[in-house]
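Please read the structure below before turning to the comments.
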Protein chains: 2
Amino acid sequence: MAVPSVPASAATDVEQAMFEFVDAYNQAWEAAANEHGLSTAHACVLGRVETRRSMGKLAEELRCDASNITQIVVRLETRELVRREPNPEDRRSRQIVRTPSGDDLYGAFEESFEFPRSAAANLTVAERKQLTALLRKAMRG
Amino acid sequence: MAVPSVPASAATDVEQAMFEFVDAYNQAWEAAANEHGLSTAHACVLGRVETRRSMGKLAEELRCDASNITQIVVRLETRELVRREPNPEDRRSRQIVRTPSGDDLYGAFEESFEFPRSAAANLTVAERKQLTALLRKAMRG
DNA sequence: CGAGATTGCTTGATCGACTCAAGTAACCGT
DNA sequence: ACGGTTACTTGAGTCGATCAAGCAATCTCG
């Protein structure tokens, strides 16, 4: 599915453009993940643990239940893409880190997720600045 | 989860802004759906059938298996949000239509999905035009 | 016309993602 | 040191998604 969607009849022109952009982004993101044998959930987690993080922090950042994270991390661990290390300062907690092969895989994934890069490349320097400013302003502010 | 994500370390400024925008959009969309007791999949389908569509067309538009659509439409039908009508021109095919209460619910959902509207409202008319143009250009040409 | 392929959808099996409730171990406060 | 809280795990259950099979309607072409 992976389609935020809004029927073809989407309101104004900007709104339509926003929808199309978001949809294209989402699609490209999912496709890139799949290319590397990652589900979107796995890619999310793998992305976050570029720097060491606890399970709880991951759950919070990804806005889901801790038990969901457990499950995903376990699968990533059996694929040896991440490791769960004990936290010497709090033995309840576990620190998740990418393994070197996790780094490689995620690197390859990012590489093939060229949508944002190529979107940026379609714009001049000035336009990029403008777009950044407009997006930020649109998002409330 | 619902986080396309890219680690905090996301490349350039525009790319970061794009990510944040997409993420905010996705989140708002999902939240609006949930507010009305809709999963994202249900909201997708319900949105599409504003105008009559066959199962196959839905599957194609939403890029998923036909059996997935069957399942979702069945659930929507038991909630009386859509109806499956026979297609007199091809008795294998079924036309999906929203019921009046489906219309109401989807209307309420769209109403509460104010992200794109308010994003647009944060911009001047000229800025909206600019943003539309930039997004389209970024998306390839 | 009619047998064989194709199309449109449904069913059933299976898996992953997600949530919730319950459990366990470690920590913290008094 | 006991009670409550925190960090995570486990188990049950649901939904979303895909695949393989099946069935009926339609199409095709000899």
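On a predicted model such as this, the values are computed, not experimentally measured, just so you know. Computation of the quantities below employed the complete heavy-atom set of this structure, encompassing side-chain atoms and omitting hydrogens, waters and symmetry-equivalent molecules.
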According to a strict under-4.0 Å criterion, is [X] in side-chain N/O contact with OP1 or OP2 of [N]?
| X | N | result |
| --- | --- | --- |
| B/Arg91 | C/dG8 | no |
| B/Arg84 | C/dC9 | no |
| A/Arg75 | C/dG16 | yes |

Spacing of [X] atom [atom1] relative to [N] atom [atom2], expressed in whole Å:
| X | N | atom1 | atom2 | value |
| --- | --- | --- | --- | --- |
| B/Arg63 | D/dT18 | CZ | C1' | 16 Å |
| A/Gln71 | D/dG13 | CD | P | 16 Å |
| B/Ile72 | C/dC9 | CD1 | C1' | 15 Å |
| A/Glu77 | D/dC8 | CD | P | 13 Å |
| A/Asn34 | D/dA17 | CG | C1' | 12 Å |
| A/Glu60 | D/dA7 | CD | C1' | 13 Å |
| B/Arg94 | D/dA25 | CZ | P | 12 Å |
| B/His42 | D/dT14 | NE2 | P | 14 Å |

Salt bridge between [X] and [Y], side-chain N to carboxylate O under 4.0 Å?
| X | Y | value |
| --- | --- | --- |
| B/Glu85 | B/Arg94 | no |
| A/Asp23 | B/Arg63 | yes |
| B/Lys57 | B/Glu60 | yes |

How would you label the contact of B/Ser39 with the nucleic acid (heavy atoms, under 4.0 Å): base, sugar-phosphate, or nothing?
sugar-phosphate

Looking at [options], which one has an atom nearest to any side-chain atom of [X]?
| X | options | result |
| --- | --- | --- |
| A/Ser93 | C/dC18, D/dC8, C/dC9 | D/dC8 |
| A/Asp90 | C/dC27, C/dT10, C/dC18 | C/dC27 |
| B/Ser67 | D/dT9, C/dG12, C/dC18 | C/dG12 |
| A/Ala41 | C/dA17, D/dG16, D/dC8 | C/dA17 |
| B/Asn68 | C/dC9, D/dA17, C/dA17 | D/dA17 |

Name the residue closer to the 5' end of DNA chain C, choosing between A/Asn87 and A/Cys64 according to the nucleotide with the nearest heavy atom.
A/Cys64

C/dT7 base / B/Arg92 side chain donor-acceptor hit below 3.5 Å
yes

Parallel, tilted or perpendicular, judged at 30° and 60°: which one describes the rings of B/Phe113 and B/Phe109?
parallel

If you look at every heavy atom in A/Leu76 and A/Val45, which pair is closest and at what distance?
CD1-CG1, 3.6 Å

